[in-house]
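Reviewing the structure listed below.
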Amino acid sequence: MPPIRVVVLTFDGVSLFHLSVPGMVFGADDGTALPRYEVLYCAQEPGLIRSDQGMMIEVKHGLDAMAAADIIIVPAWSDPREPTSSELTAALQQANGQGKLIVGLCLGAFALGHAGLLDGRAATTHWASREMFAERFPRTLFRPDVLYVADSNIVTSAGTVAAIDCCLALLRERHGSEAANHVARLLVTPPHRDGGQAQYIERPVPRCANDNRLPGVLEWARANLAQPLSVDALAEVAKMSRRTFTRRFREATGTTVTKWLNAERVARAQQLLETTDLSIERITSAVGFGTPLALRQQFAAQLGTSPSSYRRTFNNRTNATASSMA
């Protein structure tokens with residue numbers, strides 16, 4: 001079977017990060033049976049392209065590479081106010097007419113909008129440019145708060161790291177959670193953040209991997225999520241007063257203890273829903289939510305879905321059973 005071809009658009013001022021994300025996600029190869037992808041890069045005028053970091057990149061393919069693409073990815077558009085050229089607009093419109101999957105990462109949504117691909121469709125972009133986006137593309141069904149959104153063959157994502165979430169979601173949709181989770185582990189990144197999750201939700205991750213303000217406390221809490229953890233209990237583990245612990249916890253994580261614990265418990269529940277057949281009640285107990293209702297409320301608030309719906313979508317074992325019965 002030939003590899004799935006991904007063509008990434010480049011242009012002067014292109015984000016070096018966004019340019020690398022498709023290759024990291026779709027081009028991951030550790031010798032296992034991951035799906036085969038071929039990642040190519042194109043430009044309106046092949047040759048040397050200067051990235052946003054000043055690095056010069058040689059691009060060998062022109063816009064005609066899009067004709068043979070299965071997936072077309074447009075990184076963050078360097079100037080949201082600048083319209084796409086007539087040549088690029090024509091290439092994108094032709095690909096859209098053929099039903100090819102077209103992805104705008106971050107400000108790449110502006111390029112899709114300028115090319116007329118977003119009229120009447122749901123789309124998102126970086127939250128910092130939401131007012132400009134809404135003003136320039138009034139016929140778009142703008143979703144300013146989500147991480148990524150798909151509408152037919154058009155997919156758009158929010159700010160910087162959401163590009164990884166978006167590409168992993170595409171991998172998950174095409175090849176299942178096992179493949180996406182494997183690539184996420186290779187990239188040392190969370191395997192799944194639902195597209196409906198708010199762009200600027202406070203995440204339960206320390207701001208600095210070497211932060212020593214809470215030595216061992218976060219790891220201990222993750223290993224004991226089933227327990228009725230409280231600020232006082234964690235402060236005791238940290239051997240700090242409640243006041244000092246609360247201050248240092250926010251400094252280290254950027255959020256409160258309650259929000260951090262809720263996010264960690266949801267993340268652990270996601271893992272159990274994806275990889276086990278444990279009942280919702282047992283998962284509720286294992287992650288430390290007092291009742292299934294509390295679990296459902298947190299899933300709705302953080303992921304915009306229910307535990308049962310999440311399992312039906314992302315548990316390979318459940319899907320395999322359903323397929324065998326079909």
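Every heavy atom of this structure was used, including side-chain atoms; hydrogens, water molecules and symmetry mates were not.
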(request) Measure from the side-chain N and O atoms of Asp151 to the backbone N and O of Ala122, and report whether any donor-acceptor pair falls under 3.5 Å. (result) yes

(message) For Phe137 and His114, take the angle between the two ring planes, folded into 0 to 90°, and tell me which bin it lands in: parallel under 30, tilted 30 to 60, perpendicular over 60.
(response) perpendicular

(request) Would you mind telling me which of Asp12, Leu19, Ile57 makes a side chain to side chain contact (heavy atoms under 4.5 Å, CB included) with Ser51? (result) Ile57

(request) Check whether more than 12 heavy atoms from other residues, nucleotides or ligands sit under 6.0 Å from atom CE of Met55, and answer yes or no. (result) no

(message) To the closest 0.5 Å, what do you measure between CG (Leu273) and CZ (Arg312)?
(response) 11.0 Å

(request) Quick one: do Ser86 and Thr89 satisfy side chain to side chain donor-acceptor pair (under 3.5 Å)? Show the steps, please. (result) CA-CA 5 Å; Ser86 58; Thr89 296; over 6 Å; no

(request) Rounded to the nearest 0.5 Å, what's the gap from OG1 on Thr256 to CZ on Arg250? Could you check? (result) 6.0 Å

(request) Using atom types as modelled and distance alone, determine if a side-chain donor or acceptor of Thr124 lies under 3.5 Å from a backbone N or O of Arg143. (result) yes

(message) If you count heavy atoms of other groups shown closer than 6.0 angstrom to CD of Glu236, is the number above 12?
(response) no

(message) Under 6.0 Å between ring centres: does that hold for His175 and Tyr37?
(response) yes

(message) Check this for me, if you would: do Glu264 and Lys259 make a salt bridge, where the nitrogen-to-carboxylate-oxygen distance has to be below 4.0 angstrom?
(response) no

(request) Answer yes when Asp232 and Arg242 have at least one side-chain N-carboxylate O distance shorter than 4.0 Å, and no when they do not. (result) yes

(message) If you count heavy atoms of other groups shown closer than 6.0 angstrom to CZ of Arg174, is the number above 12?
(response) yes

(message) Please say yes or no: joined through hydrophobic side-chain contacts below 4.5 Å, possibly via intermediate residues, are Leu9 and Leu48 part of one cluster?
(response) no

(message) As an exercise, state the distance from OG1 of Thr125 to CG of Leu118, rounded to the nearest 0.5 Å.
(response) 9.5 Å

(request) Establish whether Leu16 and Ile73 are linked, either directly or via other cluster members, by ILVMFWY side-chain heavy-atom contacts under 4.5 Å. (result) yes

(request) Might you confirm whether atom CD of Glu45 has over 12 heavy atoms from other residues, nucleotides or ligands at distances under 6.0 Å? (result) no

(message) Ring-plane angle category for Phe142 and Phe133, please: parallel below 30°, perpendicular beyond 60°, tilted otherwise.
(response) tilted

(request) Please check if atom CZ in Arg247 has more than 12 non-hydrogen atoms from other residues, nucleotides or ligands closer than 6.0 Å. (result) yes

(message) I want to check something: taking the side chain as every heavy atom from C-beta on, are Glu274 and Tyr310 in contact at a cut-off of under 4.5 Å?
(response) yes

(request) Return yes if some donor-acceptor pair links the side-chain N/O of Thr244 with the main-chain N/O of Met240 below 3.5 Å, else return no. (result) no

(message) Quick check on Glu173: does its CD atom have over 12 non-hydrogen neighbours (other residues, nucleotides or ligands) under 6.0 Å away?
(response) no

(message) Taking atom CD as the centre, does Glu131 end up with more than 12 heavy-atom neighbours from other residues, nucleotides or ligands that are less than 6.0 angstrom away?
(response) no

